[in-house]
Amino acid sequence: MSFQGFSQSDFSVFKIEGFENRMEAIRNQIQPKFHELGTVLTDIVSMEMGNEMYLHVAKHARRKVNPPNDTWFAISPNKRGYKSHPHFQVGLFDDHLFIWLAYIYEYPNKAQLGDMYLEHLEQISDLLGNDFVLSTDHTKKEAARVTKTELEKALIRLKQVKKAELLIGKHILHTDPILGDGKALTEMISETIKRLIPLYQHTFAYEQVNN
């Protein structure tokens with residue numbers, strides 16, 4: 001079965017009341033699509049990187065009472081996990097799909113990353129243009145348009161705040177018709193990730209040298 005895209009009912013999962021009921025819908029309705037889409041994207045990222053990458057579908061294992069407000073899969077160079085590594089992330093909130101290059105709170109080298117990216121602020125701004133967004137908290141829906149000013153502010157915070165995060169990517173509103181076209185959506189996500197890979201490669205090279 002090939003990936004057919006996401007429907008409005010997939011986004012409606014996050015309106016289901018109760019932990020068990022919502023988790024059952026996530027497992028039965030969304031995760032099979034994540035496996036289909038994620039397998040294709042993991043192969044593409046592996047080929048682009050020239051390094052084997054691994055798919056991780058979020059299990060929300062730490063949650064026991066409060067149902068998740070979003071769900072996702074990650075693509076990481078580590079077979080055992082992704083949270084302490086830079087990774088690509090694709091997922092859903094109730095009103096949008098997100099595509100991220102993610103450095104979340106468990107990544108230990110955020111200060112070094114901030115320094116490295118600040119040294120190349122102009123090039124990164126030029127690379128991303130004006131059609132990317134950034135976030136400093138993966139649990140929040142809000143994201144700001146990438147500008148040189150916003151990026152600099154986020155990178156300084158990444159250096160100074162222990163639990164700071166940096167996520168760069170795109171949002172696709174749940175009303176966008178591309179979400180229902182599996183082929184077009186896969187291509188769009190793939191192209192977004194490919195544009196982010198030059199950023200990721202700098203971090204990946206640092207990781208290889210220092211780990």
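In this chain, numbering begins with 1 at the start of the sequence shown. The model shown is predicted, which means the values in this text are computed figures rather than measured ones.
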*Going by an N to O cut-off under 4.0 Å, is there a salt bridge joining Lys153 and Glu150?*
yes
*Between Leu173 and Leu179, is a side-chain contact (heavy atoms from CB on, under 4.5 Å) present by the stated rule, with each step listed?*
CA-CA 9 Å; Leu173 289 177; Leu179 290 166; over 6 Å; no
*asked:* Could you see if Ile193 belongs to whatever hydrophobic cluster contains Leu199? Use Ile, Leu, Val, Met, Phe, Trp, Tyr and a side-chain cutoff under 4.5 Å.
replied: yes
*So if you build clusters from Ile, Leu, Val, Met, Phe, Trp, Tyr with side-chain heavy-atom gaps below 4.5 Å, do Leu166 and Tyr105 land together?*
no
*Could you tell me whether the side chain of Phe98 reaches within less than 4.5 Å of the side chain of Val90, counting heavy atoms only?*
no
*Please say whether more than 12 non-hydrogen atoms of neighbouring residues, nucleotides or ligands are located less than 6.0 Å from NZ in Lys59.*
no
*What closest approach, in Å, do Ala111 and Lys159 show between heavy atoms, and which atom pair accounts for it?*
O-CG, 3.7 Å
*Please name the pair of heavy atoms, one in Ala143 and one in Trp100, separated by the smallest distance, quoted to 0.1 Å.*
CB-CH2, 4.1 Å
*Side-chain (Gln4) to main-chain (Gly182) donor-acceptor, under 3.5 angstrom*: no
*With side chains defined as the heavy atoms from C-beta onward, is the minimum distance between Val45 and Tyr200 less than 4.5 Å?*
no
*Just do the ring-ring contact (aromatic ring centres under 6.0 Å, His included) check on His174 and His96 with the steps written out, would you?*
CA-CA 5 Å; His174 70 105; His96 71 272; 9.4 Å; no
_Within one Ile-Leu-Val-Met-Phe-Trp-Tyr cluster: Ile189 and Val133, side-chain cutoff 4.5 Å_ = no
_Rounded distance (nearest 0.5 Å) linking atom NE2 of His85 with atom CG of Asn109_ = 10.5 Å
_Is there a side-chain contact between Asn66 and Phe19 in this structure, where contact means two heavy atoms from C-beta onward sitting under 4.5 Å apart?_
no
_Gln123 vs Ser125, test: side chain to side chain donor-acceptor pair (under 3.5 Å). Steps then yes/no._
CA-CA 5 Å; Gln123 297 96 311; Ser125 298; over 6 Å; no
*Compare every heavy atom of Leu41 with every heavy atom of Thr186, then report the nearest pair and how far apart it is.*
O-CD2, 4.1 Å
*When you measure from the side chain of Lys110 to the backbone N and O of Lys162, does any donor-acceptor pair fall under 3.5 Å?*
yes
_Interatomic distance, Thr42 atom OG1 to Glu52 atom CD [nearest 0.5 angstrom]_ = 10.0 Å
*Got Pro86 and Tyr103 here, is their nearest side-chain heavy-atom distance under 4.5 Å?*
yes
*Just how far is it from atom CG of Asp115 to atom NE2 of His120, taken to the nearest 0.5 Å?*
11.0 Å
*Are Leu121 and Leu167 connected, step by step, through hydrophobic side chains (Ile, Leu, Val, Met, Phe, Trp, Tyr) whose heavy atoms are closer than 4.5 Å?*
no
*Step by step, work out the side-chain contact (heavy atoms from CB on, under 4.5 Å) result for Lys141 and Asp94.*
CA-CA 9 Å; Lys141 288 184 181 182; Asp94 63 353; 2.6 Å; yes
_Close aromatic pair by centroid cut-off 6.0 Å: His56 and Trp72_ = no
*asked:* Checking side-chain polar atoms at under 3.5 Å, does Tyr117 have a donor or acceptor matched by the opposite partner on Glu119?
replied: no
*When rounded to the nearest 0.5 angstrom, what distance separates CG in Leu55 from CG in Leu37?*
9.0 Å
*In terms of side-chain geometry, is the basic nitrogen of Arg145 or Asp131 positioned less than 4.0 Å from the acidic oxygen of its partner?*
no
*Taking C-beta and beyond as the side chain, do Ile44 and Glu187 meet within less than 4.5 Å on heavy atoms?*
no
_Single-linkage hydrophobic cluster, 4.5 Å side-chain cutoff, Leu127 and Leu134 together_ = yes
*asked:* Testing the basics here: between Ile168 and Leu196, what is the closest heavy-atom pair and its distance to 0.1 Å?
replied: O-CD1, 3.6 Å
*Please lay out, stage by stage, how Phe14 and Phe93 fare under the test ring-ring contact (aromatic ring centres under 6.0 Å, His included).*
CA-CA 7 Å; Phe14 301 101; Phe93 272 100; 7.4 Å; no
*asked:* If you compare all heavy atoms of Ile26 against all heavy atoms of Val13, which two are closest, and at what distance to 0.1 Å?
replied: CG1-CG1, 3.7 Å
_Which heavy atom of Asp70 sits nearest to which heavy atom of His60, and what is that distance?_
O-CE1, 3.3 Å
*Judged by modelled atom types alone, do Gln89 and His87 share a side-chain donor-acceptor pair under 3.5 Å?*
yes
*Distance (rounded to the nearest 0.5 Å) between Lys33 NZ and Gln31 CD*: 13.0 Å
*Does a donor on one side chain and an acceptor on the other come within less than 3.5 Å for Ser46 and Glu48?*
no
*asked:* Looking at Lys148 and Glu122, is there a salt bridge between them, counting it only when a charged N and a carboxylate O are closer than 4.0 Å?
replied: yes
*Say whether Tyr107 and Tyr82, considering side chains only, have a donor N or O and an acceptor N or O under 3.5 Å apart.*
no
_Counting neighbours of NZ on Lys140 that are heavy atoms of other residues, nucleotides or ligands and sit closer than 6.0 Å, is the number greater than 12?_
no
*Taking Arg22 for its side chain and Pro68 for its backbone only, find out whether a donor-acceptor pair lies under 3.5 Å.*
yes
*Could you verify whether a donor N or O on one side chain and an acceptor N or O on the other, from Ser7 and Ser9, lie under 3.5 Å apart?*
yes
*asked:* Does any part of the side chain of Lys194, heavy atoms only, come nearer than 4.5 Å to the side chain of Thr192, both counted from C-beta?
replied: no
*If we ignore angles and hydrogens, is there a donor and acceptor under 3.5 Å between the side chains of Thr139 and Asp137?*
yes
*asked:* Is there a side-chain contact (heavy atoms from CB on, under 4.5 Å) between His171 and Leu97? Walk through the geometry before answering.
replied: CA-CA 6 Å; His171 282 182; Leu97 176 144; over 6 Å; no
*Can Lys170 be said to sit on top of Phe132's aromatic six-ring, NZ or CZ under 6.0 Å from centre and within 45° of the ring axis?*
yes
*Report yes if some heavy atom in the side chain of Pro77 is under 4.5 Å from a heavy atom in the side chain of Met49; otherwise report no.*
no
*asked:* Whether Arg27 and Glu24 form a salt bridge (side-chain N of Lys/Arg under 4.0 Å from carboxylate O of Asp/Glu) is what I want to check.
replied: no
*Output yes when a side-chain donor or acceptor of Ser76 lies under 3.5 Å from a complementary backbone atom of Tyr54, and no otherwise.*
no
*How long is the span from the CG atom in Leu185 to the CD1 atom in Ile172, to the nearest 0.5 Å?*
5.5 Å
*Determine, step by step, whether Phe34 and Val57 satisfy the side-chain contact (heavy atoms from CB on, under 4.5 Å) criterion, reporting the C-alpha distance in whole Å, the side-chain angles of both residues, the deciding distance to 0.1 Å, and the verdict.*
CA-CA 7 Å; Phe34 278 180; Val57 176; 4.2 Å; yes
